[in-house]
Structure formats: structure tokens, C-alpha cells
Amino acid sequence: MSHHNQSLSNGLSRRTILLGGAATAGLASFSPFLTFRANAAPNVGELQLVPSKPNPNGSIDKLFLLKGDPLAAPIKRIVAEDGSAVPSPVLKAGERRVLRVLHFNDMHNHITDMHKKKGDTRRLAQMVKLVKEARSNAAKDEAVLFVSAGDDHTGSIFDELMGWSPEEFAADAGYRAYSAAGLDVAAIGNHEFDRGAELLKKGIDTDANFPLLSANVHSSKHMIRDEDYMSAAIAEIKGLRIGLIGLTTNIDTRVGQPEDPTLAVERPLKAIENLLPAVSDISDVVVILSHCGYGEGKHASGKAATERDIGDGDFAVASLASKLSKKPVVVVGGHTHTKLNAQGMDENNLIDGVLITQAQAHGKYLGDIALSIAADQGRENWYNSVTLHPIKKSDKRVKADDPKYASLQQVGDWDSGFEESVVVPLIKALDSKLAEVIGDVATDSLGREAMINSRYVGENALANFMNDAVVARSATFPSGKVDFALFNATGVSSGVAKGALSFKAWYDVMPYADAIHVATMSGRQIHDMLQSNVKRLLRPEEVAKTDMSGFVSRGFLHFSSGIRYEIELGNDAASSKAINITLSGQPIESVLDKTFTIAINTYMALGGFGEAWNSKPIGGGVKGDIVSFDLRKLNYDHTGLVYRNEVIAYIRANKEISEFNGGKLDGRLTIR
């Protein structure tokens, strides 16, 4: 991200500014939030307005970054960095502009989805074509803004170009592609931190030509607010001034990791309360890029098949924003993968005049908001259209006379120049990694449908294999062999087909960036953990009404073969029990005071966030406010090893996944 200064005076009138409380000329219509203090860092309650260079491929004419701490106190003043003029509000009474916000969220590096039989779905290149058309066809009074609401990492093979250390870094594929695509600004999502803030900073420094925003992320030892990311920004396009604020979920962001122990995320509402009035006062319209999730508190939408805890979600953000500003405010959301306003404006997504929208995830849609804004009307009659543009899937097997043909991606649907010059080089960098055969699948029982349908309801053959593989690989760990291993059900993201197994096929099973943390647990603690786990099972009476392909965010865990038990379902989750538990063949009652070691993936070791292994009530639709077992309080050896890499090493060594090396059901979990 570039921070080169540029003149503020070009096209802007210079004003006499309030200094030290002395009244001077020209202040009658001047914002009380805008004052000037030369050559000084912002004080508590202040932000500095600093000119910066916008993405040269984007739409922003002038970009200003707001530097300072928005969490220490309510922002009372916005001050200039140097002696240049502070811009006044742009639209005059009676003037009107149209702001068109083209947006996506939770791309998770699905820049192009590659498939041997169906062909490549060029998701971002399709968006680029739509954005270019919108910009070239825009009227004289129409400003086009292209934004991401976060989670631009973790989920596709392109992640591997990041590596696992700065030395391994080759490219931040998402940010590099977005820069070329003309993205104007992006929020920081929780999955941006999956490989650590140090690598995120490397990606920003190397490949992001647009500002990254989060008003509530703070205190990382690797990333510095106001240098690597900002709390907010001001963009001017065709004379329209747009305030931009970024928010990151404080529920599901990976904090407390050994390599960045001070990284923290404040509640989004605190950031909005402190920041929005000042930003709103110097803007014609405010766009909040909220990677916090649709809803408020416990809510089910998007990727959640049952309720999940999202904390200060978009309902709360919009409601508070409506009270803090009379200006037009839009909440462009993310995190929950929710499809909103697909058929036009849904009144349920308009809270006290503040619009909420979201474009599902993985590049399936490009969101499109067109707002007609008048300087003197606030939020009265200020929007005119909201929609989602479907991004077409590729399936080159479908013939032209098939009714489905028109709905599928065809030549001309994407920007071929962008795909060839930007995405193809990234794919070539991945070719050897993608195609590499890491082993063979010797059974046809581990396919995607079977694994997805079984992961929340009982024993899962692929989870058995993964956990047993880690236990076997632990013989090579510096800390020594572990007794057991566990992995959460939501981490089993696909299955594997019989035949040659590529790196990409296994990556699809385990797309998340989890390290291995070895915990020391007593038999008694394992007993209590299992009692908490059985209450998270998707019960038989719930299965029929649950989309099994969605996330059941209850934190249900699978274990290696050394932990065996039965589930007595009872009448409801609260009355269910784990019975007949054995640890390494011994009844648990005989080893309650014995200590064991267990490999735990990062997400669970950090408490499962919204999946509640953190002493909070179990979510995901489990009734009764059942307090969860707290995995965070265990003593850990942080190995620095990557869960997926160890499983891949096991596959390579054994040359296959088969029933003989763990890819089967063996009765370690039975249900009564």
C-alpha cells in the first residue's frame, strides 16, 4: 500500500482554520470536526487526515487516510497532517450524485476455480468485466466504488503462494489480483490472520495497492495501525466524498497466538461509536465494510446451518450507525456468507434507514448498490437499487442446445486480458503444487457427499484418518509422540475420490491454516471434554431440517482411535452423555488422574471462537445455555507444525489412503 503524499489544494478551496480556539473568518459552514494542528501527531480523540495514493487501476480521484487511535476515546477532531488545506464537505445544497458500490466478500482466494472436467470458473475476471463496464458507462454525476468486505485469504490453492514464513513468500495472490482488478479498498477479515500478521503484512507491503481498513484490530507486534492498515479513509470520486470504515469480527479472529500474543480485536460497536460521527461529518455518504456477520448475537444465515455466535453483527452496527449519523450509511457485510437482496431491496435489511447488504461468498456474486445522494436530504429517498450479479460457473461439458447453457460461463463473460496477464501467471506458479500426486485413495467410501453428511452426526471415516495420521506423525515431533489427536467437524470440508490423490484434492479437504498444539490433559479433563462434545452432536431429529453442506457451528469434535466412547442421546442435548469411555484401552474411571498428551488444531486450541470451546454456552442451535468446556485453559506446547502438512506427509509415506491405514469407520464412536 502506497502512502505517497499528494496536494490537497488541487480543485479545493483553501480555508482559514480554527487554531487554538480562536475564531477566524470562513467558519460559518465549516465542520466542527475539522481543525488544523501543524506538524504534530494526533492526540487522544483526534485523527489526522493524510493524503495517499489511490489504486491507479481504481476509481478514486483523491484518497485520504485517517490516522490515529479510534479506540482510546471518541473522535472529536480530525486534523490535517501538514500545512495544506483541509478539504471542506463537497456536495452543496441542492447537488446530487449517484454512488454505485460494487462489492464482494469472503472471496477466500477463489480467484479462479480450476476443474479438469468442467473447466476453469474465472470468478474475479468476470467481476473485472462488470466493474470495467460500470466505470466506462458511468454518467458524469455517477461515482463507481469497488470494494471487498474481507476474508480474502484461506480457502483455495492460491493460499500456498503465501508460504508459511516470510522466506517462503512468493505472492499474496488475492491482493495482487485485486490491485490489478482495480479494487479501491478492502476490510480486514478474520481469516487474513490465519498465517499470522507477519505474513499478512508481507502480503500488504508486496501486493496491495489499495488501503486495508479495520477500526477495531490493534496491538499486533507485526502490523502497525496507520502504516500497514488504517481505521478509516476518505475517498473523493467525481466530487462525491465517501467515508470508509473497516470492521473485523472480534468473535472469530485468531488472537492469543504465541507469535503475536498482543494482537487484539475490540468490539466493533465501540469503534463505530467513537469513529462514525467524525467521519460522517466530513463525508457525503459513509460505507462501513463490516466483516462482522449478518445478524446480532446468536444468528443463523449464510454458511451457518444452525445458529452461531457473531457478537456485534451488522444489525447492531446498522442500528447504532443510524443513531450516530443522519447521513446516508451503507453496511457492506461479510463473514457469514449470507446472500442478501438478491431480488432487490429486502426491507428486513434496512434498519432505521441504514442499508445492510452482503454477496454470499467465494466469488459467487458481485453485489451492486446504486445510491442517489442529495446533500440536503440525509437518508430521505437516498437509494434506488440493490442487487446481486451472479458469477457464472464453468461447465464445458454442457452443449449449446442445453437449457442450462446460457446460465453457464462462456467466452466473453470474463475479462480475458486480466485473466491472462494476472491470474494465469499465478496459476503457473502453482502448477507443480496443484498437479502433484501425493498418494492414492484405495477406497470409494470417502467421497465428498458421504463425508459432509456424516461429519456432524457421528463417526467420520476421513476425520478418523486425519487424526490417526497426526498421532502416527507425532513420532517425529520434537516434543515426542502424542497419545491422541482431535479435529473439529467443520474442518472436514470435502471428501476424496478413489484413485490418484493430488495436492489440490487434499487441500480441498483441509483448506484451513491450522497449526498443531500439544496439550497436556488429565483423564478427568478428557472426560469433561467428551461430555461437552456429545451435547454438540447434530441429533437425529435435527438432520432432516438441516442443510448438511452448511456449517453446524457447534464445535463437534472427532478423535483419534485411542479415544473410544458411546453417546447416550437422552431426550435432548442437555441430557445426552458420553458413556463407556476408554483411553488407550483403559476404562476412563481408572485413569482420571493420569496425564495424556493430545494434538489439537489451532482453531480449537484458541477456544473455537463462535463454536464455543471457551466456557461460553454452546451455540449452533443447542438449547439450554449449556456452558462449554474451555480448551484455552490447557497447557500447550506450540509445535509450529501445520496440521495439514503432517497429514500430507503421512499420505506420502504410506503412499495411499485406505481402510488398512485408517480411512474407515472402526466403532470408536457409537450412538445409542
Side-chain angles (χ1 to χ4, degrees), residues 113-118 155-157 303 305 433-474 484-514 516 533 537-538 543 546-552 556-564 567 599 601 603-604 642-671:
D113 286 342
M114 292 162 278
H115 196 283
K116 287 183 178 179
K117 295 181 180 179
K118 296 181 180 180
S156 89
I157 190 64
K303 64 182 177 181
K433 181 70 87 172
L434 284 168
E436 181 186 5
V437 174
I438 61 173
D440 188 73
V441 180
T443 174
D444 59 6
S445 63
L446 302 176
R448 184 181 190 280
E449 184 175 359
M451 295 304 98
I452 294 298
N453 287 341
S454 64
R455 59 183 173 168
Y456 299 122
V457 301
E459 190 180 359
N460 179 280
L462 206 52
N464 286 355
F465 173 82
M466 290 157 55
N467 285 317
D468 288 352
V470 168
V471 172
R473 283 288 302 169
S474 69
F484 314 120
L486 66 77
F487 202 80
N488 55 305
T490 52
V492 182
S493 295
S494 188
V496 290
K498 187 175 182 179
L501 178 67
S502 68
F503 181 95
K504 182 182 183 301
W506 190 256
Y507 189 96
D508 290 342
V509 174
M510 302 180 71
Y512 299 107
D514 282 279
I516 294 174
N533 197 51
L537 186 81
L538 190 66
V543 171
T546 302
D547 176 8
M548 300 301 286
S549 65
F551 284 0
V552 179
F556 184 70
L557 303 177
H558 296 280
F559 299 93
S560 56
S561 61
I563 297 178
R564 308 180 77 86
I567 296 178
N601 59 307
Y603 188 68
M604 289 296 108
V642 178
Y643 208 108
R644 180 177 61 236
N645 292 356
E646 294 305 312
V647 177
I648 289 174
Y650 180 81
I651 295 170
R652 291 183 194 277
N654 286 271
K655 302 188 183 336
E656 68 175 12
I657 301 175
S658 69
E659 294 184 358
F660 298 103
N661 67 0
K664 65 177 181 179
L665 303 176
D666 63 7
R668 68 188 66 181
L669 167 60
T670 58
I671 299 173

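For reference, positions follow the sequence shown, starting with 1. When reading the values below, keep in mind they use all heavy atoms of this one structure, side chains included, and skip hydrogens, waters and symmetry mates. Given the structure is predicted, the values throughout are model-derived calculations rather than measurements.
When all heavy atoms are compared, the tightest approach of Tyr507 to Ser156 is OH-O, 2.7 Å. Counting all heavy atoms, side chain and backbone alike, Ala461 lies closest to Leu665 at N-CD2, 3.5 Å. Closest non-hydrogen pair, Gly495 versus Met451, comes out as CA-CG, 4.0 Å. Heavy atoms only, all atoms of each residue included: Ser445 and Ala450 are closest at O-CB, 4.2 Å. Closest approach of Val457 to Leu538, counting heavy atoms only: CG1-O, 3.9 Å. Closest of all the heavy-atom pairs between Met548 and Ile452 is O-CG2, 3.3 Å.
The line from OG of Ser658 to CG of Leu446 is 9.5 Å long, rounded to the nearest 0.5 Å. Note that the CZ atom of Phe487 and the CE atom of Met604 stand 9.0 Å from one another [nearest 0.5 Å]. Rounding to the nearest 0.5 Å gives a distance of 7.5 Å between CE of Met114 and CD1 of Ile157. Remark: Asp666 CG to Glu659 CD distance equals 11.0 Å, nearest 0.5 Å. Here the straight-line distance linking atom CE of Met466 with atom NE2 of His558 works out to 9.0 Å at 0.5 Å rounding. Interatomic distance, CG of Asn533 versus CG of Asn488, reported as 10.5 Å (0.5 Å rounding).
Counting only heavy atoms from C-beta outward, the side chains of Leu486 and Ile563 never approach each other to under 4.5 Å. Taking the side chain as every heavy atom from C-beta outward, Asp468 and Ser560 approach each other to under 4.5 Å.
A donor-acceptor distance shorter than 3.5 angstrom exists from the side chain of Glu459 to the backbone of Gly667, with no hydrogens or angles considered. Between the side chain of Asn661 and the backbone N or O of Glu656, at least one donor-acceptor pair lies under 3.5 Å. Asn464 places a side-chain N or O within donor-acceptor distance of the main-chain N or O of Lys664, the cut-off being under 3.5 Å. Put simply, the side chain of Asn460 never gets that close to the backbone of Ala489: no donor and acceptor are under 3.5 Å apart. Without hydrogens or angle criteria, Asp444 side chain to Lys498 main chain gives no donor-acceptor distance under 3.5 Å.
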Next item on the list: Kindly indicate, with the supporting measurements, whether the criterion side chain to side chain contact (heavy atoms under 4.5 Å, CB included) is fulfilled by Tyr456 and Thr490.
Entry: CA-CA 8 Å; Tyr456 299 122; Thr490 52; 3.0 Å; yes
Margin query: One pair to check against side chain to side chain contact (heavy atoms under 4.5 Å, CB included): Met510 and Ile648. What are the steps and the verdict?
Written below: CA-CA 10 Å; Met510 302 180 71; Ile648 289 174; over 6 Å; no
Margin query: Between Val647 and Val470, is the side chain to side chain contact (heavy atoms under 4.5 Å, CB included) condition met? List the steps.
Written below: CA-CA 6 Å; Val647 177; Val470 168; 4.0 Å; yes
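In Glu436, the CD atom is crowded: over 12 heavy atoms of neighbouring residues, nucleotides or ligands sit closer than 6.0 Å.
Aromatic ring pairs are classed by plane angle as parallel below 30°, tilted from 30° to 60° and perpendicular above 60°; the pair Phe465 and Trp506 is perpendicular.
Here the two rings, on Tyr512 and Tyr603, have centers that are 6.0 Å apart or farther.
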